[in-house]
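We count residues from 1, following the sequence as given. Counting starts at 1 for both ligands and their atoms, in listed order.
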Amino acid sequence: MTDQERRAQLAAALAEVNGRIGRACAAAGRPADEVTLVAVTKTYPASDVILLAGLGVTDVGENRDQDAAPKAEEARAAGATPRWHFIGQLQRNKVRSVVRYADVVESVDSVRLAEALARAAADRPEPLDVLVQVSIDGAAGRGGAAGDELWRVSDSVADANALRLGGVMAVAPMDWDPDRAFSALHALSERLVKTHSGATVISAGMSGDLEAAVRHGATHVRIGTSLLGMRNPLR
Ligand SMILES: *Cc1c(COP(=O)(O)O)cnc(C)c1O
């Protein structure tokens with residue numbers, strides 16, 4: 001496929017996704033500009049990030065540092081500087097690399113990770129935006145702070161000068177109705193905002209469930225497949 005053809009394909013998919021977001025906002029009685037699209041470009045090349053940025057996409061998401069670091073560099077060299085969201089499980093030995101290109105880390109789920117990020121981000125000119133990833137069903141293993149851990153991680157992020165607590169992020173559990181999952185997330189967000197008034201971000205909703213997420217107050221939706229196409233299932 002030529003660059004022109006890929007651009008047309010991405011433009012059509014983007015129009016479709018923006019239409020879905022617009023209709024979901026209208027149905028929820030919310031202004032469409034309340035919801036930011038994060039294009040999840042994982043497994044896709046820097047050339048797609050560059051094309052999407054040219055089509056007006058302002059935010060992109062990546063889940064592996066070893067892919068994201070060179071991709072961000074390549075995009076920047078081509079003049080594409082979207083906001084980079086790190087959305088994957090993050091090992092503490094990768095934080096030094098991630099703080100160099102990420103604008104937002106959405107997947108902070110432990111006090112130890114928050115502390116490691118705070119140390120690594122100390123030299124940044126601007127604080128690093130952080131979302132606390134929540135495990136909605138309380139299950140361990142797939143990432144996300146469960147139960148009272150959410151409040152401990154949030155306090156730790158809020159206390160760090162190099163970090164700015166933006167809000168919460170979650171993935172709906174596979175075996176849950178998305179409305180139930182995102183309504184639970186919304187309730188946790190409301191509790192968080194009571195003690196951290198600036199932490200208003202709710203990053204929720206993917207290709208399959210963005211409508212439910214928007215119904216329950218999502219401010220950011222993370223869309224991969226519907227924009228870029230199917231990924232290799234091994235990744
Ligand atoms: C891959 C990924 C997405 C995008 O999922 P799609 O179903 O492809 O839209 C969103 N959030 C996270 C955390 C992801 O890893």
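Counting heavy atoms from C-beta outward, T58 and R83 have side chains that stay 4.5 Å or more apart.
Ligand 1 has no nitrogen or oxygen under 3.5 angstrom from a nitrogen or oxygen of S226.
Relative ring orientation between H85 and H220 is described as tilted, the plane-to-plane angle lying within the 30° to 60° band.
Among residues at least two apart or in separate chains, there is no salt bridge (charged side-chain N to carboxylate O under 4.0 Å, His left out) pair with a member in residues 181-193.
A donor-acceptor pair shorter than 3.5 Å can be found between the side chains of E62 and T41. Between the side chains of Y44 and D67, no donor-acceptor pair is found at a separation under 3.5 Å. Counting only N and O atoms by type, the side chains of T36 and D59 include no donor and acceptor under 3.5 Å apart.
Atoms of ligand 1 lying under 4.0 Å from any heavy atom of I223, numbered from 1 in the order shown and given with element: 9 (O). Listed by atom number, the atoms of ligand 1 under 4.0 Å from T225 heavy atoms are 6 (P), 7 (O), 8 (O), 9 (O).
Environment of CD in E5: crowded, with over 12 heavy atoms of neighbouring residues, nucleotides or ligands closer than 6.0 Å.
Closest to atom 10 (C) of ligand 1, if we only count protein heavy atoms, is M206 SD, 3.2 Å. In this structure, the protein non-hydrogen atom closest to atom 11 (N) of ligand 1 is R222 NE, 2.9 Å. Nearest protein heavy-atom contact of atom 9 (O) of ligand 1 is S207 OG, 2.6 Å. Nearest protein heavy-atom neighbour of atom 13 (C) of ligand 1: I87 O, 3.6 Å. For atom 15 (O) of ligand 1, the closest heavy atom belonging to the protein is K42 NZ, 2.7 Å.
In E106, neither the side chain nor the backbone holds a heavy atom less than 4.0 Å from any atom of ligand 1.
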